[in-house]
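Here is the structure we will look at.
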Amino acid sequence: MAKGSIHISVDEQIQQLSHGAQDIHSLDGLKEKLALGRPLRVKAGFDPTRPDLHLGHVVLLRKLRQFQDLGHQVVFLVGDFTAQIGDPSGRNSTRPVPTREEIEHGARTYAEQAFKVLDPEKTETVHNSTWLEAMNFSDVIRLAGKYTLARMMERDDFQNRFAQHQSISVHELLYPLAQAYDSVAIDADVELGGTDQLFNLLVGREIMRDHGKAPQIVMTTPILEGTNAREENGRILGDKMSKSLDNYVGVAEPPLEQFGKLMSIADGVMWRYYDLLSVKNEAEVKALKAKCSEGANPRDAKLALAQELVAHFHSESAARDAQEQWIAQFSNRQVPESMPEVTVPLEQEAGMWLVRVLSKAGLAKSNADARRRVEQGAVHVDGTKVSDPSLELNAGTYTLRAGKRAWAKVTLTP
RNA sequence: GGAGGGUUGCCCGAGUGGUUAAAGGGAGCAGACUGUAAAUCUGCCGGUGUAUGCCUACAGUGGUUCGAAUCCACUACCCUCCA
């Protein structure tokens, strides 16, 4: 538990903390809090129904880590109770309710991944079911009485859903209030969230004031665009990184996977990633950028970024291996170093239809899909392109390829 | 409580009785190209050893009909207006 006082000057802290933050409400308030000289309680809530962290979450975690490095205390709030409501932020429909087990499992997985960035020594983990479950209906009514429908409907998500005639359940209106009450319960000095959380975070200030507490400082971090984003005229266009859009780089993914995904981002988007995710400071990034516009190959800058991030989530050596493999496989089009090994039993003596082998081995999702791949010239057996969809294979081991990224070493056994 | 509108493939969305495995777009997949798993172009895009065949599919159930995503009834869910 972090105790004692903080020795870095307020101005220095403000400079570091405000870099890369989207909104701070308010900057003066933050200065006052910092001037107290004690470690601040910095709250960040997370949704345990989505345990797979990706780089989008890392933007926020990095900022929390920065607070920790300055000597502050992070309160890591597991939203195990609020998960039953489902955060309406950015949603266009009501969420399904997860089970208790899903929530618990999610919380563990999430913490495991989050501590790749956070300092466990300066993190206090709490569950909001501790106090929210204890509230009875009159407590809830009293809390709900502190906010009005009109104010609740100021929120974009609700407004849009309402305008588009989509349903909004009444319990969803309670979500921001529950989150706000969390801040009361844990005496938050500061709460961090993505920009999509701004509304919820601000409700926290009002509810804290209502409970006679000093309102928390609200800080938001930008939403990271997904790996399929584009850059046009200096603006980044594209959806935010999310698992459901499959444009994410997961914290727990294998090194080569992370590396490849990072290498696939558009050149312009790479600088956004540098700004929000790299430990390189502004000046270093600027220098790198200048070098590229003077003719250096942007690929090298991207390799460096991928290196840094993979090393952060795995290790230096894993990052180096990933880079070597990636260059071999995709730049030089060699056979990948490692590929899944699959054993498929021959179903009859004579041999097995290649198309069937491909789908059995998981390289195609159906026979029809496998046939299509063969006809489209994507299938190679031991390095030789196959275009006859009726080819049969005998017992033995083959290196099969059914597209750029679908490889397997398949053994056919009688 | 009353009146009305809606529910189509992974997503959005056209389709009001046969020629519809269902237009179009997006996503996805493959090939070409590329420093790249980007962009672009081309093709594919329910399943079935390929069959002018069969099976599955237009919220669910039942019905009308030679024939239904399309008509009818009921059920579920969503929305709008009035109270």
Side-chain angles (χ1 to χ4, degrees), chain A residues 91-96 158 160-170 172 225-233 236-239 242-250 253-273 292 295-307 310 322-323 325-334 336 346-348 350-360 362-380 385-393 400-407:
Chain A
R91 300 288 295 185
N92 48 25
S93 60
T94 310
R95 291 185 176 192
F158 287 149
N160 292 339
R161 278 165 66 180
F162 196 71
Q164 285 166 25
H165 309 317
Q166 281 166 336
S167 72
I168 302 168
S169 296
V170 173
E172 292 180 82
E225 291 78 10
T227 51
N228 59 354
R230 271 184 263 168
E231 187 244 45
E232 268 173 44
N233 309 320
I236 311 284
L237 306 173
D239 294 311
S242 93
K243 201 179 176 193
S244 50
L245 294 174
D246 198 26
N247 61 0
Y248 71 103
V249 180
E253 286 189 281
L256 184 60
E257 198 68 16
Q258 292 181 337
F259 203 94
K261 284 183 177 183
L262 285 165
M263 287 310 290
S264 82
I265 63 175
D267 291 349
V269 177
M270 160 172 78
W271 301 115
R272 172 83 168 161
Y273 279 42
C292 285
N297 193 334
R299 181 196 54 178
D300 295 329
K302 212 186 287 178
L303 284 170
L305 176 70
Q307 269 279 328
V310 172
Q323 170 157 342
Q325 278 189 48
W326 184 85
I327 289 176
Q329 188 176 345
F330 295 105
S331 262
N332 301 335
R333 298 178 181 234
Q334 291 165 2
L346 275 179
E347 287 160 346
Q348 48 193 358
M352 194 162 173
W353 189 30
L354 171 64
V355 164
R356 196 165 173 77
V357 174
L358 290 172
S359 66
K360 285 276 175 200
L363 292 174
K365 58 182 186 205
S366 65
N367 287 0
D369 183 35
R371 171 183 287 276
R372 253 173 247 134
R373 286 172 189 251
V374 174
E375 283 167 352
Q376 290 176 147
V379 174
H380 299 246
K385 189 198 256 185
V386 173
S387 48
D388 174 13
S390 61
L391 184 78
E392 308 247 340
L393 293 181
L400 298 183
R401 178 185 180 196
K404 264 180 230 155
R405 294 160 63 199
W407 291 85

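Only heavy atoms go into these numbers, but all of them, side chains included; no hydrogens, no water, no symmetry mates.
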* To do: Could you give the distance separating B:U65 and B:A76 at their C1' atoms, to the nearest angstrom?
  => 27 Å
* To do: Starting from P on B:U48, measure out to NZ on A:K365 and report it in whole angstrom.
  => 11 Å
* Who passes side chain to side chain contact (heavy atoms under 4.5 Å, CB included) against A:R401, sequence neighbours left out? -> A:H380, A:K404, A:W407
* Qualifying side chain to side chain donor-acceptor pair (under 3.5 Å) pairs with a residue from residues 350-359 of chain A, counting only residues at least two apart or across chains -> A:E347-A:R356, A:S359-A:N367
* By nearest nucleotide on RNA chain B, pick out whichever of A:A406 and A:G351 is the more 5' one. => A:A406
* Structure fact -> Taking a pair to mean Watson-Crick or G-U wobble geometry with both distances below 3.5 Å, B:C77 pairs with B:G6
* Structure fact -> Applying the 3.5 Å cut-off to both distances, the Watson-Crick or G-U partner of B:A23 turns out to be none
* For B:A69 and B:A57, measure between their C1' atoms and round to the nearest Å. => 10 Å
* **For B:C44, the Watson-Crick or wobble counterpart (both distances under 3.5 Å)** => B:G28
* Partner set under side-chain hydrogen bond (donor to acceptor under 3.5 Å, both in side chains) for A:Q325, not counting sequence neighbours -> none
* Asked: By ring-ring contact (aromatic ring centres under 6.0 Å, His included), which residues pair with A:W271, not counting sequence neighbours?
  -> A:Y274
* To do: Using the P atom on both, measure B:U19 against B:G67 and round to a whole Å.
  => 14 Å
* To do: Could you check how far CD of A:E392 sits from P of B:G49, rounded to whole Å?
  => 12 Å
* Tell me, please, which residues at least two apart from A:Q323 pass side chain to side chain contact (heavy atoms under 4.5 Å, CB included). => A:F259, A:L303, A:Q307, A:I327
* Quick check: does any side chain N or O of A:K261 sit under 3.5 Å from a backbone N or O of A:L256, one acting as donor and the other as acceptor? -> no
* Asked: Can you tell me how far C1' of B:G49 sits from CG of A:L393, to the nearest Å?
  -> 14 Å
* **Heavy-atom closest pair, residues A:G250 and A:Q258** => O-NE2, 2.7 Å
* Can you check whether A:E225's main-chain N or O pairs, donor with acceptor, with A:Y273's side chain at less than 3.5 Å? -> yes
* Figure out the CG/P separation between A:L363 and B:A30, and round it to whole Å. => 11 Å
* For B:G67, which nucleotide is its Watson-Crick or G-U wobble mate, given both distances must be under 3.5 Å? -> none
* Same-atom distance (C1') from B:A27 to B:C11, integer angstrom -> 7 Å
Just the table, please: protein N/O against nucleotides 31-38 of chain B N/O, every pair under 3.5 Å.
residue : atom : partner : partner atom : Å
B:U34   : O4   : A:R333  : NH2          : 2.0
B:G35   : O6   : A:D267  : OD2          : 2.7
B:G35   : N1   : A:D267  : OD1          : 3.2
B:G35   : N1   : A:D267  : OD2          : 3.4
B:G35   : N2   : A:K302  : NZ           : 3.1
B:U36   : O2   : A:M263  : O            : 3.2
B:U36   : O2   : A:K302  : NZ           : 3.4
B:A37   : O2'  : A:S264  : OG           : 3.0
B:A37   : N7   : A:W326  : NE1          : 3.4
B:A37   : N1   : A:R405  : NE           : 3.4
B:A37   : N1   : A:R405  : NH2          : 3.1
B:A37   : N3   : A:R405  : NE           : 3.4
B:A37   : N3   : A:R405  : NH1          : 3.2
B:A38   : O4'  : A:S264  : O            : 3.2

* Provide the distance between the two C1' atoms, one in B:G9 and one in B:G46, to the nearest whole Å. => 8 Å
* Asked: Can you tell me how far P in B:C29 sits from the matching atom in B:U20, rounded to whole Å?
  -> 30 Å
* Rounded interatomic separation in angstrom, taking CZ from A:R373 and C1' from B:C44 -> 11 Å
* Asked: Using atom C1' of each nucleotide, how far apart are B:C45 and B:A30 to the nearest Å?
  -> 10 Å
* To do: Round to a whole Å and report the spacing from NZ of A:K360 to P of B:G49.
  => 10 Å
* **Under 3.5 Å on both distances, the Watson-Crick or G-U partner of B:U52** => none
* To do: Can you measure from CG (A:L262) to OG1 (A:T227) and round to the nearest 0.5 angstrom?
  => 8.5 Å
* Distance test, side-chain N/O of A:R372 to OP1/OP2 of B:U50, below 4.0 Å -> no
* To do: Calculate the interatomic distance between A:N247 atom CG and B:A27 atom C1'; express it in whole Å.
  => 11 Å
* Heavy atoms under 4.0 Å, any strand shown: does A:Q329 hit a base, just sugar-phosphate, or nothing? -> nothing
* P-based separation of B:U8 from B:G2 [nearest Å] -> 27 Å
* Structure fact -> Atom CD of A:E375 and atom C1' of B:G49 are separated, to the nearest Å, by 12 Å
* Asked: Is B:U34 paired to anything, Watson-Crick or G-U wobble with both distances less than 3.5 Å, and if yes, which nucleotide?
  -> none
